[in-house]
Q: 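This is the structure I have questions about; it appears just below.
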Amino acid sequence: QVQLVESGGGLVQAGGSLRLSCAASGRTFSTQAMGWFRQAPGKEREFVSAIRWSGGSTYYADSVKGRFNISKDNAENTVYLQMNSLKPEDTADYYCAATRSYYFRTYAENFDYWGQGTQVTVSS
């Protein structure tokens, strides 16, 4: 099993920044990549970004490209999501996830472990 704990959410004004952290523990060696998803009220969970533990390849949703940056600290088993130029439409619960699949796709169903989520609210 892998346990994921997110932190760093909060309330920020439009144009501001936040950094989310996700600390992984347990059988982290069994995972290939970490991802961030978000879910706004009344909407489906959607992919935001992902990063491979080995090699560090990164992936982003079009809606966040150029504004968000995902990074990792392998030694600390921690993944970060730096969110800049935040918009009210970025408001959502943000979830950290881990996948055991090397050939993962950016769908929630491809991720095996999930954190409890952290709330991000962007005011206009």
Q: Could you see if V122 belongs to whatever hydrophobic cluster contains W36? Use Ile, Leu, Val, Met, Phe, Trp, Tyr and a side-chain cutoff under 4.5 Å.
A: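 Looking at the clustering, W36 is in the same group as V122.
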
Q: Keeping the roles fixed (side chain from T78, backbone from A23), state whether a donor-acceptor pair exists under 3.5 Å.
A: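 No, because the side chain of T78 does not come within donor-acceptor range (under 3.5 Å) of the backbone of A23.
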
Q: Going from OG1 on T121 to CD on Q13, what distance comes out if it is rounded to the nearest 0.5 angstrom?
A: 13.0 Å

Q: Under 6.0 Å from the ring centre and within 45 degrees of the ring axis: does the NZ or CZ of R19 meet both conditions for the six-membered ring of Y80?
A: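 Yes, cation above the ring, under 6.0 Å and within 45°.
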
Q: Distance to the ring centre below 6.0 angstrom and angle to the axis at most 45 degrees; does that hold for R38 and Y95?
A: no

Q: Give a yes or no on whether the backbone of S17 and the side-chain of N84 come within a donor-acceptor separation of less than 3.5 Å.
A: no

Q: Can you list, pair by pair, the side-chain donor-acceptor contacts under 3.5 Å of residues 56-67, counting residues two or more places apart and other chains?
A:
unit_1: Y59; atom_1: OH; unit_2: R52; atom_2: NE; d: 3.0
unit_1: Y60; atom_1: OH; unit_2: N69; atom_2: OD1; d: 3.3
unit_1: Y60; atom_1: OH; unit_2: I70; atom_2: N; d: 2.8
unit_1: D62; atom_1: OD1; unit_2: K65; atom_2: NZ; d: 3.2
unit_1: R67; atom_1: NH1; unit_2: S85; atom_2: O; d: 3.0
unit_1: R67; atom_1: NH1; unit_2: D90; atom_2: OD2; d: 2.7
unit_1: R67; atom_1: NH2; unit_2: S63; atom_2: O; d: 2.9
unit_1: R67; atom_1: NH2; unit_2: D90; atom_2: OD1; d: 3.0
unit_1: R67; atom_1: NH2; unit_2: D90; atom_2: OD2; d: 3.4

Q: Check the surroundings of atom CZ in F29: do more than 12 heavy atoms from other residues, nucleotides or ligands lie under 6.0 Å from it?
A: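 Buried by this count: over 12 neighbours within 6.0 Å.
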
Q: Is the backbone N or O of E44 less than 3.5 Å from a side-chain atom of Q39, with the two atoms forming a donor-acceptor pair by type?
A: no

Q: Who passes salt bridge (charged side-chain N to carboxylate O under 4.0 Å, His left out) against E89, sequence neighbours left out?
A: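 For E89, no residue satisfies salt bridge (charged side-chain N to carboxylate O under 4.0 Å, His left out) once neighbours in sequence are set aside.
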
Q: If every non-hydrogen atom of C96 is compared with every non-hydrogen atom of L4, which pair is closest and at what distance?
A: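 Scanning both residues completely, I find the closest heavy atoms to be O-CD1, 3.7 Å.
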
Q: Quick one: are V5 and C22 in side-chain contact, heavy atoms under 4.5 Å?
A: no

Q: Could you report the tightest heavy-atom contact between S124 and A14, atom names first, then the distance?
A: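 Looking at all heavy atoms of both residues, the closest pair is CA-CB, 4.4 Å.
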
Q: Indicate the atoms forming the closest heavy-atom contact of L18 with L86, along with that distance.
A: N-CD1, 3.8 Å

Q: Under the side-chain contact (heavy atoms from CB on, under 4.5 Å) criterion, do Y103 and Q32 qualify, and how do the steps go?
A: CA-CA 9 Å; Y103 298 106; Q32 298 289 336; over 6 Å; no

Q: Measure across L11 and S123 and return the closest heavy-atom pair with its distance rounded to 0.1 Å.
A: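 Closest heavy-atom pair between L11 and S123: CD1-CB, 4.3 Å.
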
Q: Quick one: ring pair (Phe, Tyr, Trp, His ring centres under 6.0 Å) partners of F37, sequence neighbours excluded?
A: F47, F111, W114

Q: What is the distance from atom CZ of R27 to atom CD of Q3, rounded to the nearest 0.5 Å?
A: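 Reported to 0.5 Å precision, the distance equals 11.0 Å.
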
Q: Would you name the heavy atoms of M34 and A24 that are closest together and state the gap between them?
A: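 Answer, listing the atom of M34 first, then A24: CE-CB, 4.3 Å.
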
Q: According to a hydrophobic-cluster definition based on side-chain heavy atoms being under 4.5 Å apart (Ile, Leu, Val, Met, Phe, Trp, Tyr only), do L81 and V120 belong together?
A: yes

Q: Output the distance between atom OG (S30) and atom CD (Q1), rounded to the nearest 0.5 Å.
A: 9.0 Å

Q: Checking side-chain hydrogen bond (donor to acceptor under 3.5 Å, both in side chains) against W53, which of N77, T31, T28 comes through?
A: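 Testing W53 for a side-chain hydrogen bond (donor to acceptor under 3.5 Å, both in side chains) against N77, T31, T28 leaves exactly one candidate, T31.
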
Q: So how far is it from Q82 CD to S21 OG, rounded to the nearest 0.5 Å?
A: 9.5 Å

